[in-house]
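I have placed the structure first, in the form of structure tokens, so that the comments after it can refer back to it.
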Number of protein chains: 2
Amino acid sequence: MYLTNTNAFVFLIVYSLEKNSPLKRKITLKHIARELGVSISTVSKALKNSEEIGSDTKERVQAFAKLYNYKPNNIAISLKNKRTKNIGVIIPDIVHHFFTTVFRGIEKYANAKGYNVIVCVSDESFDKEVINMELLANGSIDGFIMALSSGTQLKNDYNHLKEVTEQGIPLVLFDRVAEDILCDKVIINDRKGAYNAVTKFIKDGRKRIALITSEDYISVSRERAAGYKEALLDNGIGYNEDLILKFPSMEISENLIEDFFEREKVDAVLSVNEIFAIHGMRYIQSKGLKIPKDISFIGFTDGLLSKYASPGLTAIAQHGEQMGEIAAEILIEKIENDMEEETYVTRVLEPTLIERGSTVN
Amino acid sequence: MYLTNTNAFVFLIVYSLEKNSPLKRKITLKHIARELGVSISTVSKALKNSEEIGSDTKERVQAFAKLYNYKPNNIAISLKNKRTKNIGVIIPDIVHHFFTTVFRGIEKYANAKGYNVIVCVSDESFDKEVINMELLANGSIDGFIMALSSGTQLKNDYNHLKEVTEQGIPLVLFDRVAEDILCDKVIINDRKGAYNAVTKFIKDGRKRIALITSEDYISVSRERAAGYKEALLDNGIGYNEDLILKFPSMEISENLIEDFFEREKVDAVLSVNEIFAIHGMRYIQSKGLKIPKDISFIGFTDGLLSKYASPGLTAIAQHGEQMGEIAAEILIEKIENDMEEETYVTRVLEPTLIERGSTVN
DNA sequence: AACTTCAACTAAAACGTTTTCGATAAATTT
DNA sequence: AAATTTATCGAAAACGTTTTAGTTGAAGTT
């Protein structure tokens, strides 16, 4: 075709001389231009099929580019366009089924839209969250999706988020959010999830309904506890602080569980996560009690454990994947049409009760 | 100090005029240079504390930079240095405990070394793997860490990997690897893990030892099946194909499980993953048989399910986090000292048997 | 013949850095 | 006093693109 043998030959010589190892170095517009005796701009336009360029040169350039497998350099394009096509995701923990599920939703949607995802794990630490965020904010990404670390929620310091949004970088918070931050959010109705679970217990005739939870500074735990209390009061069942077992960390202490169940007589347990629920169930079963006959269990987060426990754990599904997709959708919308009017939405997803063997039905 | 009020004032005016919204736009070297009446190179050097620059201008520049929170643009630096400080991770599935664990190891090590991680999920698809890889290879990353998708292993086509390595981009494969690819690898000794598990069964007096596995084109399954067979033969127990239950996909068919256990009398089961094992245990328990008295179970991948099953599932731990750290270490070493001699290592980790209630001890 | 129009192409700036090679003036040496 | 050194600083290229604003020569118009 339009490629002369001499041209191709010269090119190969040049490139095999540069390195003695057989490295196929990436080719650039400049190389194509030089070999074909045209300017860089012509090559750039020819590859975009611009009307400005004659059809014969377009063919020559395109053939050459294909032959040498030219692919534009992402970094150069990012610098020029001030658009990286990357989105930053900061989550407290990657080895956590719910976050992983959300991440899958984000990744799926983002990828379909041509975005890549850079993940940073805050490890529940405020400092790491700040460091990671500042690092990514310096040009590496076009927007953030994140769930606050517990360290940040405890410290209640959101200056790093404010700085980012003030720079005009879009931010979407999911699951672990904070009132004071002006940005888009996507959460599930945790309060309602707990409310519905407790209501189900009561309909099933349960009277002494316990709650296993973590410390209140985690926004979701707080919401769930509120729903628990509300359902009890709405149904004329007293709210009794003694029926709340609060773990100070994610480290489960079997002693606390034992003390609690020895002290309090309960016939139903709502847990803010799977792990606490499974531990409770194991303890109850080890005491020879039957689930759900003697005690019912419902746990938040419909993960693997709920599904494969014996009996299966009735769960409040949080629709993580959907949450991730929505977060990504909102973010990319903001990135691509960065309108000046600052309007923020909060999408609230409805939780679903997945009934299994740990409750009667 | 060296900042005059007028300077700062002018600057603020300029920036608040540019946008009517209160956007704190990122400041660049050029801005600092203009405001301070020096050249860009001087600013650049001053910020690096270069000896070339007089101490008073250094102070002026540094103070100004600090005041306006100057941070260098990562993209520009990447373009200049041809180093992104990003590593690309491609895994088949993120909602999978083992991969997640490896990812954590990668992220932890990479972050400590100042690298960010871009994750792409191949979804077990050859095409997605290729697309993602080519996308990232165009300048977005300094190296790859990946586990092959099942689609790729089935197709047995590794040209996308070859292209990347031929371009001089370092690649580390983990867990799901292939012989033919010339690159660094980190795997666990799957064969030995299976061998040890079966040996334990035999020591416990088991005779009819079943294997639940997936199709052979998954490299790890193949290795595990080999270890299973080897242990049987080494101990003078016949290798019987009828005792192998092979699932065609990750979708579990309860019928296949039922047929299998109805047809074959077994007293021990080795499973190539947790899920298959848990399903087997549930079926056995539903038939009123006792674990481990009537049937023992051991499963690969020491994940959440093994830990929380009843009884706990004795598991072959794959040390995912360690695997991730090692992969990242090898990769970053290759990135930072890209020596010309191409030598590739394969690190083989030893599996560990975690004994729980599903086996006797 | 002088003009406009058009097709086809190029130069150069820009994105934000880093770095090499000067340039200038002051300080030091001879 | 002339020559040399030293301390500070700046111009410009480079990384690989995109895009604006030309430039050129040929064709068409009056």
Side-chain angles (χ1 to χ4, degrees), chain A residues 2 18 25-62 64-65 68-86 135 137-142 167-168, chain B residues 2 18 25-62 64-65 68-86 135 137-142 167-168:
Chain A
Y2 294 92
E18 258 185 33
R25 279 247 158 271
K26 275 270 173 196
I27 197 180
T28 70
L29 291 183
K30 193 195 278 188
H31 296 136
I32 303 183
R34 195 195 304 148
E35 292 306 316
L36 262 41
V38 295
S39 77
I40 295 182
S41 10
T42 302
V43 176
S44 176
K45 287 170 186 167
L47 290 175
K48 308 193 127 54
N49 242 319
S50 161
E51 289 303 322
E52 277 185 85
I53 307 298
S55 49
D56 52 340
T57 36
K58 272 203 282 199
E59 282 181 44
R60 279 209 317 149
V61 170
Q62 286 168 11
F64 193 94
Y68 287 99
N69 193 30
Y70 169 78
K71 293 279 165 52
N73 181 302
N74 293 330
I75 299 289
I77 292 180
S78 293
L79 182 59
K80 185 90 239 291
N81 299 351
K82 293 166 155 260
R83 284 287 203 74
T84 63
K85 285 270 183 177
N86 285 155
L135 193 68
N138 296 319
S140 300
I141 51 89
D142 297 336
Q167 279 170 31
Chain B
Y2 294 92
E18 257 185 33
R25 282 248 158 271
K26 275 270 172 195
I27 196 181
T28 69
L29 291 184
K30 193 196 280 188
H31 296 137
I32 302 182
R34 195 195 304 150
E35 292 307 315
L36 262 40
V38 295
S39 77
I40 294 182
S41 14
T42 302
V43 177
S44 176
K45 288 169 188 167
L47 290 176
K48 308 194 126 54
N49 242 319
S50 160
E51 290 303 323
E52 276 184 82
I53 307 298
S55 49
D56 51 343
T57 37
K58 272 203 282 197
E59 281 182 46
R60 280 209 316 148
V61 170
Q62 287 169 9
F64 192 93
Y68 288 100
N69 193 29
Y70 169 79
K71 294 279 164 53
N73 180 302
N74 293 331
I75 299 289
I77 292 179
S78 294
L79 182 59
K80 185 93 239 292
N81 298 352
K82 292 167 157 259
R83 282 287 205 76
T84 63
K85 284 270 183 179
N86 286 155
L135 193 68
N138 297 320
S140 299
I141 50 90
D142 296 337
Q167 279 170 31

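Throughout, protein chains are lettered first and strands after them, A, B, ... in sequence-line order, and every chain is numbered starting at 1. Predicted model, so just to flag it, every value in this text is computed and none were measured.
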Which atom pairs link the protein and nucleotides 4-6 of chain C when you take only N or O atoms and keep those under 3.5 Å?
none

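B:Ala46 and B:Ile53 get closest at one heavy-atom pair: N-CG1, 4.0 Å. Shortest non-hydrogen contact noted between A:Ala33 and A:Ile40 is CB-N, 3.8 Å.
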key: side chain to side chain contact (heavy atoms under 4.5 Å, CB included) evaluation trace for A:Val61 with A:Leu47   = CA-CA 7 Å; A:Val61 170; A:Leu47 290 175; 3.8 Å; yes
query = Which is it for A:Asn69 and A:Ile27 under the side chain to side chain contact (heavy atoms under 4.5 Å, CB included) test, yes or no, and what are the steps along the way?
reply = CA-CA 8 Å; A:Asn69 193 30; A:Ile27 197 180; over 6 Å; no
request  = For the pair B:Val43 and B:Tyr70, evaluate side chain to side chain contact (heavy atoms under 4.5 Å, CB included) and give the outcome as yes or no after the intermediate values.
outcome  = CA-CA 11 Å; B:Val43 177; B:Tyr70 169 79; over 6 Å; no
task = Please step through side chain to side chain contact (heavy atoms under 4.5 Å, CB included) for the pair A:Asn73 and A:Lys26, ending with a clear verdict.
result = CA-CA 9 Å; A:Asn73 181 302; A:Lys26 275 270 173 196; over 6 Å; no
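Within the 4.0 angstrom heavy-atom criterion, no nucleotide atom of any strand lies near A:Ser78.
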note = Reading nucleotides 11-18 of chain C from 5' to 3' and marking B where a protein heavy atom lies under 4.0 Å of the base, S where only the sugar-phosphate is that close, and - otherwise, the string is BB-BBBBB
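At a threshold of 4.5 Å between non-hydrogen side-chain atoms, the residues B:Arg60 and B:Val38 count as touching.
Rounded to the nearest 0.5 angstrom, B:Thr84 OG1 and B:Ile77 CD1 are separated by 12.0 Å.
The backbone N or O of A:Ser50 lies less than 3.5 Å from a partner atom in the side chain of A:Lys58, making a donor-acceptor pair. Not a single donor-acceptor pair under 3.5 Å links the side chain of B:Asn138 to the backbone N or O of A:Asn74.
A straight line from CD of B:Glu52 to P of C:dT24 spans 17 Å, rounded to a whole angstrom. Regarding A:Asp56, its CG atom lies at a distance of 10 Å from the C1' atom of C:dA8, rounded to whole Å. Taking atom CZ of residue A:Arg34 and atom P of nucleotide C:dT10, one finds them 15 Å apart after rounding to whole Å.
If one axis is set at each end of the helix from C:dA1-D:dT30 to C:dT30-D:dA1 from five pairs, those axes are 70° apart, to 10°.
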